[in-house]
Amino acid sequence: MAGLFEPLSLAHGPAWKNRFMLAPLTNQQSHADGRLSDDEHRWLVKRATGGFGLTMTAAAHVQAVGQGFAGQLGIFDDAQLDGLTRLAAAIRAEGSVSSVQLHHAGNRSPAELVGTPVCPSDDPETGARGLTLDEVRRLRDDFIVAATRAESAGFDGVEVHGAHGYILTQFLSADTNRRDDIYGGDLDNRARLLVEIVDGIRSACRADFQIGLRLSPERFGLKLGEIRDVAGIFLRAAAVDYLDLSLWDVTKEAVEEEYQGRPLLDWFTDLPRGNVKLGAAGKIMSGADARAVIAAGCDFAVIGRGAILRHDFPARVRADPDYVSPPLPVTAQHLADEGLGTAFIGYMSGWPGFVATDDAD
């Protein structure tokens with residue numbers, strides 16, 4: 001238990017009071033123009049109150065054309081600063097470190113929200129068009145400007161969303177990135193945009209601004225070996241303060257046959273990482289699960305569904321090392337009591353078996 005509740009010092013920015021990070025969770029609660037809503041404010045501050053060392057927003061899009069879902073938080077316009085500033089101050093008042101996840105959905109942006117979506121190369125399947133070279137550079141700069149906007153709002157840092165098939169993943173994948181310029185071709189070129197974004201944020205923001213990076217090593221045209229190499233690029237350069245691995249299940253083996261025979265997580269915990277911290281997300285639903293992630297070589301545990309079910313997951317684990325999340329399904333009233341607004345409950349009702357159907361109708 002001691003390991004979970006030791007402070008976590010990073011190369012930049014404030015130490016986290018423990019090893020629990022709130023996962024950046026889609027909740028569809030913000031206003032249509034990307035401004036923070038009272039429901040989303042309440043959801044996040046309640047998790048800070050519940051004891052998370054790092055409280056992270058849902059994915060916040062850095063360009064209007066990068067919106068990935070209805071009700072998404074935005075960080076592409078100064079009009080969104082008031083809500084973000086209020087949120088950062090409230091999270092800090094609860095003793096939690098604050099972060100905004102920076103995001104662009106790329107070809108996963110719904111046309112009904114953005115018009116024609118964009119991605120690295122023309123994509124007939126989704127109707128997305130490939131970005132010009134100038135537009136790639138604008139995308140890079142908009143990620144960096146969004147980070148400075150988060151800094152101005154008072155956040156302690158940002159996390160760059162390079163996972164789950166969104167635009168930075170689309171650049172990393174040779175399936176979706178068929179460019180023939182400096183942002184396409186070999187892995188170094190396909191990772192160039194991500195490297196430039198991180199380096200640009202480090203240069204543009206204050207010295208103690210904290211930078212994280214989320215990667216997922218499978219699906220969406222990704223190759224585990226390549227994502228391991230990408231992780232290595234950032235770990236060796238100490239370009240980020242922490243790496244957040246989204247694994248869907250922290251205990252699973254790799255899908256690719258050549259990497260089977262050991263847990264997927266092991267392919268990253270054995271990488272030299274200096275002072276960069278490593279965390280993982282994926283079905284961490286109990287105190288035992290969280291301890292197992294630390295024992296496997298991670299520095300922190302990323303809590304998603306467990307944090308939806310109980311706002312005070314860390315406090316409950318501290319009080320009871322054998323704490324286990326409530327069994328599913330739960331009632332809509334249970335989720336409302338845990339600080340979820342109507343839109344978020346509606347979204348969770350679309351997850352099979354999560355919300356009791358007789359209560360969600």
Side-chain angles (χ1 to χ4, degrees), residues 22-48 55-91 98-119 128 131 135 138-170 197 200-201 204-205 212 214 339-348 350:
L22 176 67
L25 292 162
T26 300
N27 58 76
Q28 299 189 345
Q29 294 184 121
S30 278
H31 296 297
D33 61 2
R35 290 179 301 112
L36 185 82
S37 69
D38 289 343
D39 280 354
E40 190 154 8
H41 181 277
R42 180 175 60 254
W43 141 258
L44 287 165
V45 175
K46 197 172 181 69
R47 270 68 204 165
T55 300
M56 183 161 310
T57 70
H61 51 307
V62 303
Q63 292 182 332
V65 73
Q67 184 175 358
F69 48 87
Q72 183 174 8
L73 179 65
I75 193 165
F76 59 87
D77 192 289
D78 285 348
Q80 294 145 356
L81 270 172
D82 284 349
L84 292 168
T85 301
R86 183 167 61 96
L87 176 61
I91 292 172
S98 59
S99 184
V100 177
Q101 189 188 56
L102 305 182
H103 167 261
H104 189 296
N107 66 14
R108 299 188 68 188
S109 293
E112 62 269 21
L113 293 178
V114 305
T116 301
V118 297
C119 65
L131 294 165
E135 287 174 329
R138 174 64 185 272
L139 175 63
R140 174 199 63 200
D141 293 346
D142 283 346
F143 266 94
I144 296 166
V145 169
T148 65
R149 195 168 280 123
E151 179 185 30
S152 296
F155 282 88
D156 296 306
V158 294
E159 178 180 87
V160 178
H161 196 339
H164 299 175
Y166 296 119
I167 202 161
L168 297 180
T169 310
Q170 292 160 27
I197 287 169
I201 292 171
C205 294
R214 171 163 268 209
L340 280 71
T342 302
F344 198 175
I345 294 171
Y347 172 67
M348 295 311 302

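Values reported hereafter were calculated over all heavy atoms of this structure, with side chains retained and with hydrogens, waters and symmetry mates removed.
- The ring of His104 has its center no closer than 6.0 angstrom to the ring center of Tyr166.
- Counting heavy atoms from C-beta on, the side chains of Cys119 and Leu131 never come closer than 4.5 Å.
- Residues Leu102 and Glu159 form no side-chain contact, since every pair of their non-hydrogen atoms from C-beta on lies 4.5 Å or further apart.
- Here the side chain of Glu151 pairs no donor or acceptor atom with the backbone of Ala147 at under 3.5 angstrom.
- Across every non-hydrogen atom of Ala153 and Leu81, the tightest pair is CB-CD2, 3.9 Å.
- Taking 4.5 Å as the limit, some side-chain heavy atom of Asp78 sits within range of a side-chain heavy atom of Arg149.
- A 4.5 Å side-chain heavy-atom check between Thr57 and Leu25 finds every atom pair outside the cut-off.
- In terms of heavy atoms, Thr342 sits closest to Asp39 at N-OD2, 4.1 Å.
- Side chain of Ser99 to backbone of Met56: no donor-acceptor contact under 3.5 angstrom is found.
- Between Pro117 and Gly106 the shortest heavy-atom distance is CB-O, 3.6 Å.
- The minimum heavy-atom distance between Val65 and Ser109, with the atom names listed, is O-OG, 3.3 Å.
- Remark: Gln67 CD to Arg108 CZ distance equals 14.0 Å, nearest 0.5 Å.
- Put simply, the side chain of Ser98 reaches to within 4.5 Å of the side chain of Asp156, judged on heavy atoms.
- Heavy-atom minimum distance, Trp43 versus Gln29: CB-NE2, 3.7 Å.
- Side-chain contact between Met348 and Leu340: present, with at least one pair of heavy atoms (C-beta onward) separated by less than 4.5 Å.
- With salt bridges taken as basic N to acidic carboxylate O contacts below 4.0 Å, none links Asp141 and Arg138.
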Show, in sequence, the C-alpha distance, side-chain angles and deciding distance for Ser30 and Glu40, and conclude whether the side chain to side chain donor-acceptor pair (under 3.5 Å) test is met. CA-CA 6 Å; Ser30 278; Glu40 190 154 8; 2.3 Å; yes
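- The pair Asp38-Arg86 counts as a salt bridge, with a side-chain nitrogen and a carboxylate oxygen less than 4.0 angstrom apart.
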Could you walk me through whether Val118 and Asn107 pass the side chain to side chain contact (heavy atoms under 4.5 Å, CB included) check? CA-CA 6 Å; Val118 297; Asn107 66 14; over 6 Å; no
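- Considering only heavy atoms from C-beta on, Val145 stays 4.5 Å or farther from Phe76 through its side chain.
- In this structure, Gln80 contributes its side chain and Asp33 its backbone to a donor-acceptor pair below 3.5 Å.
- With rounding to the nearest 0.5 angstrom, the NE2 atom of His31 is 10.5 Å from the CG atom of Leu73.
- The backbone N or O of Gly165 lies less than 3.5 Å from a partner atom in the side chain of Gln170, making a donor-acceptor pair.
- Closest approach of Phe155 to Leu84, counting heavy atoms only: CE1-O, 3.3 Å.
- Between His103 and His161, the ring-plane angle classifies as tilted under the 30° and 60° cut-offs.
- Annotation: side chain of Gln28 is not in contact with side chain of Phe344 (no heavy-atom distance under 4.5 Å).
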